[in-house]
There are 2 protein chains.
Amino acid sequence: MQSPTALQLRQFRAQLTKFVEFSDEQWDLIASLLYLKSIKKKELFVSGDKVCNEVGFILQGSLRFFFVKDGIELSNYFCFQNELMSSYRSFLKRTPSIISIDAMEDSQLICFTYDSLQQLLADERTSFAMEHFGRMIAEYLICCYEERVFSFLTQTPEERYKRLIDEQPHFLNRIPQHYLANYLGVTAVSLSRIRKRIHESRSKQKLAS
Amino acid sequence: MQSPTALQLRQFRAQLTKFVEFSDEQWDLIASLLYLKSIKKKELFVSGDKVCNEVGFILQGSLRFFFVKDGIELSNYFCFQNELMSSYRSFLKRTPSIISIDAMEDSQLICFTYDSLQQLLADERTSFAMEHFGRMIAEYLICCYEERVFSFLTQTPEERYKRLIDEQPHFLNRIPQHYLANYLGVTAVSLSRIRKRIHESRSKQKLAS
DNA sequence: GCAATACGTTAACAAAGGATAAGAAAAAAT
DNA sequence: ATTTTTTCTTATCCTTTGTTAACGTATTGC
């Protein structure tokens, strides 16, 4: 169990301020429970049949969330540097994860365990802040999920892809296309066709103008 | 602003124990901020362009969540008796709701406002319990959403419908089919075809056995 | 450097879903 | 009770997607 450096802890704490402000005393208690975790490309952070016992903060690298169905991997989400991630449902409910998570690049994380979190929730010096923190994270995720369900119900795969280009262009460079296809709810072959359609209609527009 | 009866308050409190246990003192403070709301069939609880200011508990009746796209309503979710509901993203972030909510039947709710919630979160007698309550609700919703995204990515509309029959049969009796179709991510016409396919394969099985 | 693997595109065919319209059945309104 | 409206089904046609397989190109590992 390697401890994070002061620099790494600062990086983590700076990102957390989006959700909650910890006092220095609180932060020391939290920091003492954090540890580093390195994951090589393609290694698993969580396997889709085990209970997820930790939450990770990505110091560097990128992770992929995926479901396995009939032996096929279906990518579901992607997280990058400075994002907090876990298989939340499994972590929270203590049930086997239906999601697997692996690394798309060699990655380094700061992690804390479920037991650590319970310890902080039970400690009166940190319990209130941690309850609040947990609520903020959960509420943030709800908003993301509402958007995602909205896109599945109201948009075609082509519309979803176009929106991705506009709103999350960094996804395009760092995520293999067949992963992105799953994320959009189609096969890799279909995404390739969608891209072709878009390119063709773009070049027609150029000709016309 | 009509106040709930003692009986109605008991009904509400009993359901809340799934998420949090309030002391009697806390409950009195909360209950004093609750009010009744009646919604006639097809009336709106929230309109999809306004900020949602309240959370409701369904004493009786049923509500429908839907998006509006190009003037078309796309049903997204349904809530029944003893469920807590709101347009959470709008309520939490104070932004216009992208979801509209209306009543499928004449319904009666116990509601509280955003300001009431803030008041309870600021009151040291209730703040801890309310933070915890908020976290529990949010975490519950995350689990629901994870399931829902899972179903969109890994299942066909037909598989989703079959699973609905098994896992939420009460949906079938109380929700019009064209609403259900939206919920499953297809058109009403397509759901009708899916139903036909299923019935046909069921009767073939009967013949064979 | 070379072989093996992974990735993206394309083609051909089958299956499914969307759009539209028409009609039957059920529910609601008068 | 009888209109009127809503809901559900069916048919037709067209578009899109899934499936499978082939091919070229990057990447990776050795």
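Computed over heavy atoms, backbone and side chain alike; hydrogens, waters and symmetry mates excluded. Lettering follows sequence order; numbering is per chain, from 1.
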- Task: Take atom NE2 of A:H199 and atom C1' of C:dT10, then tell me their distance rounded to the nearest Å.
- Result: 15 Å

- Position toward the 5' end of DNA chain D (nearest nucleotide), A:P157 or A:V189: A:P157

- Winner on side-chain proximity to B:H178, out of C:dA16, D:dT7, D:dT17, is D:dT7

- Do B:R64 and B:F66 meet the cation-pi criteria used here (NZ or CZ under 6.0 Å from the six-membered ring centre, within 45° of the axis)? yes

- Any side-chain N or O of A:T187 under 4.0 Å from OP1/OP2 of D:dG18? yes

- Starting at atom CG of A:L180, determine the distance to atom P of C:dC7, rounded to an integer number of angstrom. 13 Å

- Toward the 5' end of DNA chain D, which comes first, B:R193 or B:Q177, by nearest nucleotide? B:Q177

- A:E158 CD to D:dG18 P, in whole Å, measures 13 Å

- Query: How many Å lie between CG on A:L191 and P on D:dT16, as a whole number?
  - Reply: 15 Å

- Do B:I198 and B:Y161 have side chains that get closer than 4.5 Å, going by heavy atoms? yes

- Message: Quick check on C:dA11: is either OP1 or OP2 less than 4.0 Å from any side-chain nitrogen or oxygen of A:K196?
- Response: yes

- So, is the end of the B:R94 side chain (NZ or CZ) under 6.0 Å from the ring centre of B:F91 and within 45° of the ring's axis? yes

- Figure out the CE/P separation between A:M104 and D:dT27, and round it to whole Å. 16 Å

- Non-hydrogen side-chain atoms of A:F22 and A:I30 separated by less than 4.5 Å: yes

- Which nucleotide in the set D:dT17, C:dT9, C:dG18 lies at the smallest distance from any side-chain heavy atom of A:S192? C:dT9

- Between B:I194 and B:K41, which is nearer to the 5' end of DNA chain C once each is assigned its nearest nucleotide? B:I194

- Task: Send over the distance from B:E200 CD to D:dT9 C1', rounded to a whole Å.
- Result: 13 Å

- For A:L74 and D:dT17, give me the distance from atom CG to atom C1', rounded to whole Å. 15 Å

- Please check the phosphate of C:dT10 (OP1 and OP2 only) for any side-chain N or O of A:R195 closer than 4.0 Å. no

- Task: Provide, to the nearest angstrom, the distance between the CD atom belonging to A:Q155 and the C1' atom belonging to C:dG18.
- Result: 17 Å

- Could you go step by step and tell me if B:S97 and B:S87 meet the side chain to side chain donor-acceptor pair (under 3.5 Å) rule? CA-CA 7 Å; B:S97 177; B:S87 178; 2.7 Å; yes

